[in-house]
Structure formats: structure tokens, C-alpha cells
**Q** 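Below is the structure I would like to discuss, written out as C-alpha cells.
Just the heavy atoms: all of them, side chains too, but no hydrogens, waters or symmetry mates, feed the values below. Being a predicted model, the structure only gives us computed values, none of them experimental.
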Amino acid sequence: MDICAHFQHTSMNHVYLLIGGNIGDRLANLENARKSIAAKCGPIQLQSSIYETEAWGLKDQPAFYNQALCIETELSPAELLETLLAIEISMGRKRLIPLGPRNIDLDIIYYNQTIIEAPGLIIPHPRLTERNFVLAPLNEIAADFKHPILNKTTAQLYESSTDEAVVNKKTDK
């Protein structure tokens, strides 16, 4: 059963986000991002523990802290993406190197059971099944949520992941 669905109201969309970063004060950056998301996107219904993971893709950089959130929002997917990008910019995010170091990264993983393939916006997140740093925190708060394309739960996706990256829980919720 999808726990976050219990919080869903008729006019609200239920969305899973992954927030993370690997430079600066990582804990403070995640806290500031959560505050901005709650204020500008909608209330946070669930949040995972914070996990530390080695960098993915471009490995020669500091380890990341990542956290999954479930929020309720009235924003459309495009409005949500625009708001999240504005939060990143307001927090000083600079996109200098693809997959490079960043103080904050805010990604939409799921938006209800919606499937979107548009320029600049693909939901569900196209690489979530390849990344333990997404699956581990998401599994903590949404183990039974079914991927709308693959029709597998987060727990099943995590169990079958071929990503060898080690994900360590740093904090409890």
C-alpha cells in the first residue's frame, strides 16, 4: 500500500522527489531545500532518512547526501519543475559539469501515476531504476509504489538493481 496516498486530497497531486547534493554543508542544504519545497511546492507528507552515496557517473568528486520526499502539490508537472529549478538557482546551484559537483539537486521521480515525455521533463525519472541512491531512500517511504510503466514496486526495482554503488543511511528521519 502506498503510504503517501493516504494523505492525498482530491485536488492535490502526490509527488515523489529526490533531493541531494555533495558540496557545501550537505545537511543544511537539504534542510533549506525541504523548507523551500514545503513553502513553494506543497507540504511534505513523508521524508526518508538521509543517505550518503559515492558519486554516480563522474566519480572523482565528494560523496552525495540524498533524501526522498513525498509532497502534495497543486502545481502541474511543468510548474513543479519550474519551481524546483528556481529553488536550485536561489540556493546557488550552478550547472557547470554534467553529473558534476552540486550543492543541491532536486528531481521529480514520480508525479501520481503520470507518464510524461516532453523536452526537459520525463516522468517517471528515466534513470531511477539504475541508481541505488534513488532507490534506497525511495524504498524507505514508498516500497509498494508501482512504477507506472514497468508495473514493479520500488522494493522490486531496488532488489533487482544492478547498480553496485553502496548507499549508507546517515541519519534517521
Side-chain angles (χ1 to χ4, degrees), residues 2-4 14-38 41 44-71 77 80-81 84-85 87-89 91-111 116 120-150 152-173:
D2 182 11
I3 296 170
C4 200
H14 123 243
V15 178
Y16 288 100
L17 304 174
L18 188 81
I19 67 174
N22 71 334
I23 55 176
D25 185 334
R26 296 175 294 175
L27 284 176
N29 289 342
L30 293 182
E31 182 178 344
N32 290 336
R34 285 191 306 271
K35 287 178 182 174
S36 292
I37 289 166
C41 302
I44 296 171
Q45 300 299 329
L46 294 170
Q47 62 185 43
S48 74
S49 302
I50 294 171
Y51 291 79
E52 186 174 42
T53 346
E54 65 186 355
W56 191 94
L58 186 62
K59 296 211 177 268
D60 188 20
Q61 58 181 316
F64 278 80
Y65 276 7
N66 289 293
Q67 184 177 39
L69 306 176
C70 176
I71 68 165
L80 179 61
L81 177 63
L84 293 173
L85 292 173
I87 291 170
E88 287 182 350
I89 291 167
M91 291 183 64
R93 166 85 189 258
K94 305 228 183 314
R95 294 177 184 271
L96 303 173
I97 305 167
L99 301 176
R102 63 209 86 145
N103 66 321
I104 197 66
D105 190 24
L106 308 175
D107 288 322
I108 302 169
I109 304 302
Y110 294 119
Y111 185 101
I116 298 173
L121 180 60
I122 299 175
I123 300 173
H125 193 287
R127 289 172 299 285
L128 78 97
T129 61
E130 304 165 11
R131 298 175 172 178
N132 285 347
F133 70 84
V134 176
L135 292 169
L138 192 62
N139 191 52
E140 184 181 327
I141 64 169
D144 294 330
F145 187 88
K146 279 206 172 170
H147 190 292
I149 298 170
L150 302 175
K152 291 185 176 181
T153 66
T154 302
Q156 290 169 322
L157 293 172
Y158 190 34
E159 286 169 20
S160 64
S161 171
T162 57
D163 184 3
E164 295 180 5
V166 177
V167 180
N168 295 307
K169 188 185 287 191
K170 291 303 286 183
T171 68
D172 287 325
K173 296 177 189 182

**Q** Looking only at non-hydrogen atoms, find the nearest pair between S161 and L135 and report the distance.
**A**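 Scanning both residues completely, I find the closest heavy atoms to be CB-CD1, 4.0 Å.
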
**Q** Under a 3.5 Å distance rule, please check whether D107 uses its side chain to pair with a backbone N or O of L18 as donor and acceptor.
**A**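 A pair under 3.5 Å: no.
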
**Q** Any chance you could measure D163, atom CG, to R127, atom CZ, to the nearest 0.5 Å?
**A**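 Rounded to the nearest 0.5 Å, the CG-CZ separation comes to 13.0 Å.
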
**Q** Whether the side chain of D105 engages the backbone of G21 through a donor-acceptor N/O pair (distance < 3.5 Å, no angle test) should be reported.
**A**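 Judged by distance alone, no pair lies under 3.5 Å.
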
**Q** Would V167 and N66 satisfy side chain to side chain contact (heavy atoms under 4.5 Å, CB included), going step by step from the backbone distance to the final call?
**A** CA-CA 9 Å; V167 180; N66 289 293; over 6 Å; no

**Q** Looking at every heavy atom in both N103 and M91, which two are closest together, and how far apart are they?
**A**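 The answer is ND2-O, 2.7 Å.
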
**Q** Could you tell me which residues satisfy ring pair (Phe, Tyr, Trp, His ring centres under 6.0 Å) with Y110, sequence neighbours excluded, listed by chain and number?
**A**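 Per chain and number, Y110 pairs via ring pair (Phe, Tyr, Trp, His ring centres under 6.0 Å) with F145, H147.
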
**Q** So, do Q45 and H14 sit near enough that their side-chain heavy atoms are less than 4.5 Å apart?
**A**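 No, every pair of side-chain atoms sits at 4.5 Å or beyond.
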
**Q** Are side-chain heavy atoms of C41 and V15 found at a separation under 4.5 Å?
**A**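 They are not in side-chain contact.
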
**Q** Please find the pair of heavy atoms, one from A143 and one from T153, that lie closest to each other, and give the distance.
**A**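 It is O-CB, 3.3 Å.
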
**Q** Are the side chains of I104 and N32 in contact, using a 4.5 Å heavy-atom criterion?
**A**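 A side-chain contact is absent here, since even the closest heavy-atom pair is not under 4.5 Å.
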
**Q** For E130, enumerate each residue passing the salt bridge (Lys or Arg N to Asp or Glu O under 4.0 Å) test, keeping only those at least two apart in sequence or located in another chain.
**A**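 With neighbours one apart ignored, the set is empty.
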
**Q** To the nearest 0.5 Å, tell me how far I149 CD1 sits from T129 OG1.
**A**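 Nearest 0.5 Å value for the CD1-OG1 distance: 10.0 Å.
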
**Q** Got a second to check how far N132's CG is from E54's CD, nearest 0.5 Å?
**A**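 Interatomic distance, N132 CG to E54 CD, rounded to 0.5 Å: 9.5 Å.
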
**Q** Give, for atom CG of N139 and atom CD of Q156, the distance between the pair rounded to the nearest 0.5 Å.
**A**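 If I round to the nearest 0.5 Å, the distance is 10.5 Å.
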
**Q** Keeping T154 on the side-chain end and A142 on the backbone end, is there a donor-acceptor pair under 3.5 Å?
**A**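 Indeed, once roles are kept as given, a pair shorter than 3.5 Å links the two residues.
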
**Q** Specify the closest pair of heavy atoms between I108 and H125, including all atoms of both residues, with the distance to one decimal.
**A**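 That closest heavy-atom pairing would be O-CB, 3.6 Å.
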
**Q** Step by step, would you call I116 with Y111 a side chain to side chain contact (heavy atoms under 4.5 Å, CB included)?
**A** CA-CA 9 Å; I116 298 173; Y111 185 101; 5.7 Å; no

**Q** Heavy atoms, side chains only, cut-off 4.5 Å: are L138 and L157 in contact?
**A**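 Not in contact.
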
**Q** Name all residues meeting the salt bridge (Lys or Arg N to Asp or Glu O under 4.0 Å) criterion together with K152; count only those two or more places apart in sequence or in a different chain, and write none if there are none.
**A**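 In terms of salt bridge (Lys or Arg N to Asp or Glu O under 4.0 Å), with neighbours along the sequence ignored, K152 is linked to no residue.
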
**Q** Are I71 and L80 packed together at the side-chain level, in the sense that at least one heavy-atom pair is separated by less than 4.5 angstrom?
**A**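 Side chain of I71 against side chain of L80, heavy atoms only: contact under 4.5 Å found.
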
**Q** What closest approach, in Å, do C70 and Y16 show between heavy atoms, and which atom pair accounts for it?
**A**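 That closest heavy-atom pairing would be CB-CE2, 3.5 Å.
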
**Q** From I19 CD1 over to L69 CG, what is the distance, rounded to the nearest 0.5 angstrom?
**A**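 Separation between the atoms: 4.5 Å.
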
**Q** Please round to the nearest 0.5 Å and tell me the distance separating atom CD1 of I23 and atom CD of Q61.
**A**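 The CD atom of Q61 is 9.0 Å from CD1 of I23, to the nearest 0.5 Å.
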
**Q** Kindly give the heavy-atom pair with the smallest separation between T53 and A165, and that separation in Å.
**A**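 Taking T53 first and A165 second, the nearest heavy atoms are CG2-CB, 4.5 Å.
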
**Q** Kindly say whether S48 contributes a backbone atom to a donor-acceptor pair with the side chain of Q67 at under 3.5 angstrom?
**A**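 Such a contact is found between Q67 side chain and S48 backbone.
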
**Q** Salt bridge check: are E52 and R26 linked by an N-O gap of less than 4.0 Å?
**A**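 A salt bridge links E52 with R26.
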
